[in-house]
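This report concerns only the one structure given below.
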Amino acid sequence: MRRFAAAAALLIATGAPPSFSPVQPELLGTGGTLTNAWADYDGDGFPDLFVGFNGAPNRLYHNVAGVLTEVGAAAGVADARQTRAAAWADYDNDGDPDLLVGFTPGGGSILKLYRNTNGHFEDVTAAAGLVVDSGAVRQFAFIDVDGDGDLDLFVALRDRPNLFFRNDGGHFTEVAASMGLADTRKSVGAVWFDADEDGDLDLVVANQDGDANALFRNDNGHFTDVGEAAGIAWGGRAPHDAKSGTVRPCAADVNGDGHLDLFFANYGPNGLFLQKPKAKGTFEDVSVAWGVAIDGKYDACAFDDVDHDGKLDLYVNGTVTGGVQYRDYLFRNTGTTYEDVTPDNLKALEADHGVQWVDFDRDGDVDLSLTGATPKGMHLVMRNELEAKAAARSISVRVLDQAGHATRAGAEVRVYAAGTRTLLGTGLVDGGSGYNAQNDLPVHVGLPTAGNVDVEVTMPLGGKRVVTTTRGVRLAAYAGKSLEVRTGARRSSSH
């Protein structure tokens with residue numbers, strides 16, 4: 001066990017600051033973009049990118065071995081209506097990701113659901129029961145809350161009660177009020193995970209304009225807000241201040257103890273809250289100690305291991321508002337603090353709203369996907385220039401159900417040194433990453449060493465935490481592809 005710790009310490013001591021280079025900037029340089037959402041819609045192993053614009057036709061970029069080509073009109077998704085949200089999910093369980101888009105009010109339903117049929121997208125909003133006439137739509141999250149094998153849908157709204165749609169075989173019914181989720185606060189972001197580790201999915205909702213955040217505890221399908229008791233109601237910002245608010249909550253194992261913590265991107269000081277392992281479902285504010293309590297206006301957070309030292313780094317993007325560009329931050333995790341290692345070319349970008357980590361070129365490390373809402377903005381993909389040997393120290397895990405469907409949002413992925421309980425990295429199948437955005441991607445776990453690993457997937461469902469273990473995984477066997485893990489039964493195998 002000591003040799004793994006020593007290797008990680010050496011990497012921290014000698015690792016160069018991360019660097020990034022723009023991918024196809026002539027193609028991705030257009031501003032006025034509000035949302036970015038990634039999924040492999042054609043099943044070729046490379047993630048594709050949907051970008052929602054502020055009134056210009058939306059775009060879909062087909063990724064062929066790391067080269068992006070715009071196909072939005074041909075695929076049928078080039079709406080020119082102001083687009084505020086997007087999410088991919090296989091809502092009909094036919095094996096490919098479908099696309100949900102959220103618009104500003106006016107001109108019909110604020111939601112539009114596209115069914116994916118061999119890479120062409122058909123509007124099935126009405127047939128699926130998702131026509132919603134009004135509302136300031138923000139975060140989508142697809143999750144299987146009731147454990148029936150299909151994906152339900154949560155919709156955060158800025159100006160009316162939040163919505164929850166139960167999926168019954170591809171048709172949705174709105175049931176938020178009966179579940180306790182029809183929150184009337186000014187909601188923006190949301191993330192689902194098993195906050196109290198009791199075997200079901202709970203919900204953190206970020207609220208703006210001085211409203212407290214919520215942690216909705218799941219008790220047999222009914223939800224109760226316990227945010228105040230859990231210690232995260234204000235997320236590090238000033239209570240009851242109408243000028244402050246939280247835009248995006250993110251869940252990740254920040255301190256490497258195997259438990260999921262929370263970060264809040266705020267209007268006001270940002271907040272980092274570590275989970276108390278001896279009091280599950282409660283959190284301690286460590287924002288100042290970890291160096292992230294920066295006062296400003298921030299829209300989004302995204303965690304991943306950028307340099308493959310086994311610790312989750314953090315990207316926070318500042319918004320553009322009132323003529324002020326609040327700069328972005330790339331924080332490197334040292335184990336006890338976050339240090340600012342933002343490259344100059346990222347500081348110079350007018351980036352806000354969308355931020356996601358994605359291994360778009362499948363070289364083993366995560367690249368950075370951004371959007372910029374101003375006319376001078378962009379929707380760049382920034383390639384991570386981590387050297388090849390270090391980039392190969394990672395594993396990508398695709399979590400499926402027993403039928404092979406990608407309905408496992410909320411699943412936790414832990415990677416251990418093979419044959420030990422030495423934890424090398426933790427990831428979450430995140431049902432609502434980005435800001436007004438989401439992805440349907442494998443979980444990426446960077447590793448401090450290149451040895452064999454055991455991959456453990458924990459799925460909270462029906463009051464149980466079902467653990468599935470794949471032992472003796474060789475990293476080289478999964479270079480450029482994902483390890484697929486079907487949850488529901490414990491198994492051991494060699495790969």
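One-based numbering along the sequence shown. In what follows, every heavy atom counts, from backbone to side chain, and hydrogens, waters and symmetry copies are set aside.
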**Residues in ring-ring contact (aromatic ring centres under 6.0 Å, His included) contact with His405, at least two apart in sequence or another chain** = none
**Message:** For Glu284, is there an ion pair with Lys276 - N to carboxylate O distance below 4.0 angstrom?
**Reply:** no
**Asked** What distance do Ser396 atom OG and Leu483 atom CG have between them, rounded to the nearest 0.5 Å?
**Response** 8.5 Å
**Item:** Residues Arg471 and Glu456 bridged, charged N to O under 4.0 Å
**Value:** no
**Residues in side chain to side chain donor-acceptor pair (under 3.5 Å) contact with Thr33, at least two apart in sequence or another chain** = none
**For Trp38, all residues meeting ring-ring contact (aromatic ring centres under 6.0 Å, His included), sequence neighbours excluded** = none
**Item:** Pairing residues for Thr337 by the side chain to side chain donor-acceptor pair (under 3.5 Å) criterion, not counting sequence neighbours
**Value:** Thr334
**Prompt:** Hey, is the main chain of Leu447 close enough, under 3.5 Å, to the side chain of Asp309 for a donor-acceptor pair?
**Reply:** no
**Prompt:** So, the side chain of Asp454 versus the backbone of Gly419: is there a donor-acceptor pair under 3.5 Å, distance only?
**Reply:** yes
**Message:** Testing the basics here: between Ala128 and Leu113, what is the closest heavy-atom pair and its distance to 0.1 Å?
**Reply:** CB-CD2, 3.6 Å
**Message:** Any non-hydrogen side-chain atom of Asp168 less than 4.5 Å from a side-chain atom of Thr173?
**Reply:** yes
**Message:** Just to verify, what does Asp44 make a salt bridge (charged side-chain N to carboxylate O under 4.0 Å, His left out) with, not counting sequence neighbours?
**Reply:** none
**Message:** Determine whether a donor-acceptor pair (N or O, by modelled atom type, separation under 3.5 Å) exists between the side chain of Asp305 and the backbone of Asp313.
**Reply:** no
**Complete:** For Pro18 and Arg332 the tightest heavy-atom approach is CD-NH1, 4.1 Å
**Message:** Test of understanding: with ring-ring contact (aromatic ring centres under 6.0 Å, His included), list the residues that count as partners of His259, not counting sequence neighbours.
**Reply:** none
**Fill in**
Sorted by chain and number, sequence neighbours left out, side chain to side chain donor-acceptor pair (under 3.5 Å) with Asp144 holds for Arg408
**Message:** Quick one: does any side-chain atom of Arg414 pair with a main-chain N or O of Gly258 as donor and acceptor, under 3.5 Å?
**Reply:** yes
**Message:** Nearest 0.5 Å, please: how far is CG in Leu312 from CG in Leu314?
**Reply:** 9.5 Å
**Message:** Between Tyr416 and Thr422, does the side chain to side chain contact (heavy atoms under 4.5 Å, CB included) criterion hold? Intermediate values first, please.
**Reply:** CA-CA 5 Å; Tyr416 298 89; Thr422 302; 5.7 Å; no
**Side-chain donor or acceptor of Arg217 paired with backbone N/O of Ala195 under 3.5 Å** = no
**Message:** Under a plain distance cut-off of 3.5 Å, with no hydrogens placed, do Glu385 and Ser21 share a side-chain donor-acceptor pair?
**Reply:** yes
**Item:** Closest approach of Val145 to Phe164 (non-hydrogen atoms, all atoms of both residues)
**Value:** CG2-CZ, 3.7 Å
**Item:** SB check Asp299 Arg248 (cutoff 4.0 Å)
**Value:** no
**Asked** Is there a donor-acceptor contact under 3.5 Å from the side chain of Asp40 to the main chain of Gly45?
**Response** yes
**Asked** If you round to the nearest 0.5 Å, how far is CG of Asp90 from CZ of Arg115?
**Response** 11.5 Å
**Asked** Taking it one step at a time, do Val155 and Val137 satisfy side chain to side chain contact (heavy atoms under 4.5 Å, CB included)?
**Response** CA-CA 7 Å; Val155 180; Val137 63; 3.8 Å; yes
**Asked** Does Val254 offer a backbone N or O that forms a donor-acceptor pair with the side chain of Asn333 under 3.5 Å?
**Response** yes
**Request:** Given salt bridge (Lys or Arg N to Asp or Glu O under 4.0 Å), test Asp194 with Arg465 step by step and report yes or no.
**Result:** CA-CA 9 Å; Asp194 189 1; Arg465 288 171 60 82; 2.9 Å; yes
**Request:** For the pair Asn384 (side chain) and Phe20 (backbone), establish whether a donor and an acceptor sit closer than 3.5 Å, ignoring hydrogens and angles.
**Result:** no
May I have the list of side-chain donor-acceptor pairs in residues 434-442 shorter than 3.5 Å, sequence neighbours left out?
residue, atom, partner, partner atom, Å
Asn436, ND2, Arg84, O, 2.8
Gln438, OE1, Trp88, N, 2.6
Gln438, NE2, Trp88, O, 2.9
Asn439, OD1, Leu441, N, 3.2
Asn439, ND2, Gln356, OE1, 3.1
Asn439, ND2, Ser433, OG, 3.0
Asp440, OD1, Arg398, NH1, 3.0
Asp440, OD1, Arg398, NH2, 3.3
Asp440, OD2, Arg398, NH2, 3.2

**Message:** Would you say that Leu368 contacts Val366 through its side chain, given a criterion of any heavy-atom pair below 4.5 Å between the two side chains?
**Reply:** no
**Message:** Using 0.5 Å steps for rounding, measure from the CG atom of Leu380 to the OG atom of Ser369.
**Reply:** 9.0 Å
**Request:** Give, for atom CZ of Phe216 and atom CG of Asp202, the distance between the pair rounded to the nearest 0.5 Å.
**Result:** 11.5 Å
**Request:** Taking side-chain contact (heavy atoms from CB on, under 4.5 Å) as the test, write out the residues that go with Leu201, two or more places apart.
**Result:** Ile143, Trp192, Pro460
**Request:** For side chain to side chain contact (heavy atoms under 4.5 Å, CB included), just list the numbers for Val445 and Leu424, CA-CA rounded to whole Å, side-chain angles, deciding distance to a tenth of an Å, and then say yes or no.
**Result:** CA-CA 9 Å; Val445 180; Leu424 303 179; over 6 Å; no
**Asked** Under 3.5 Å, side chain of Thr125 to main-chain N/O of Leu130, donor-acceptor pair present?
**Response** no
**Request:** Write down the atom of Phe154, the atom of Ala190, and the distance for their closest heavy-atom approach.
**Result:** CE2-CB, 3.7 Å
**Message:** Working to the nearest 0.5 angstrom, can you tell me the gap between Thr371 OG1 and Asn36 CG?
**Reply:** 5.0 Å
**Asked** Got a sec, which residues hit ring-ring contact (aromatic ring centres under 6.0 Å, His included) with Tyr329, two or more places apart in sequence or on another chain?
**Response** Phe331
**Prompt:** If you look at every heavy atom in Ala87 and Phe142, which pair is closest and at what distance?
**Reply:** CB-CE1, 4.0 Å
**Prompt:** Under a 4.5 Å cut-off applied to non-hydrogen side-chain atoms, are Asp328 and Tyr298 in contact?
**Reply:** no
**Request:** Apply side chain to side chain donor-acceptor pair (under 3.5 Å) to His379 and list each qualifying residue two or more places apart in sequence or on a separate chain.
**Result:** Tyr61
**Asked** Is a donor on one side and an acceptor on the other found under 3.5 Å between the side chain of Asn116 and the backbone of Pro97?
**Response** yes
**Request:** Look at the aromatic rings of Trp357 and Tyr315 and report parallel, tilted or perpendicular, splitting at 30° and 60°.
**Result:** perpendicular
**Message:** Less than 4.5 Å apart, side chain to side chain, heavy atoms only: is that true for Leu386 and His308?
**Reply:** yes
**Request:** Report the residues that fulfil side-chain contact (heavy atoms from CB on, under 4.5 Å) with Val71, sequence neighbours left out, ordered by chain and then residue number.
**Result:** Tyr41, Leu60, His62, Thr69
**Asked** Does the side chain of Ser187 come within less than 4.5 Å of Gln139's, by heavy atoms?
**Response** no
**Asked** Are any of the side-chain heavy atoms of Phe50 and Leu99 separated by less than 4.5 Å?
**Response** yes
**Fill in**
Tightest non-hydrogen contact, residues Ala85 and Phe140, listed as CB-CE1, 3.6 Å
**Prompt:** Does the side chain of Asn213 pick up a donor-acceptor pair with the side chain of Thr246 at under 3.5 Å?
**Reply:** yes
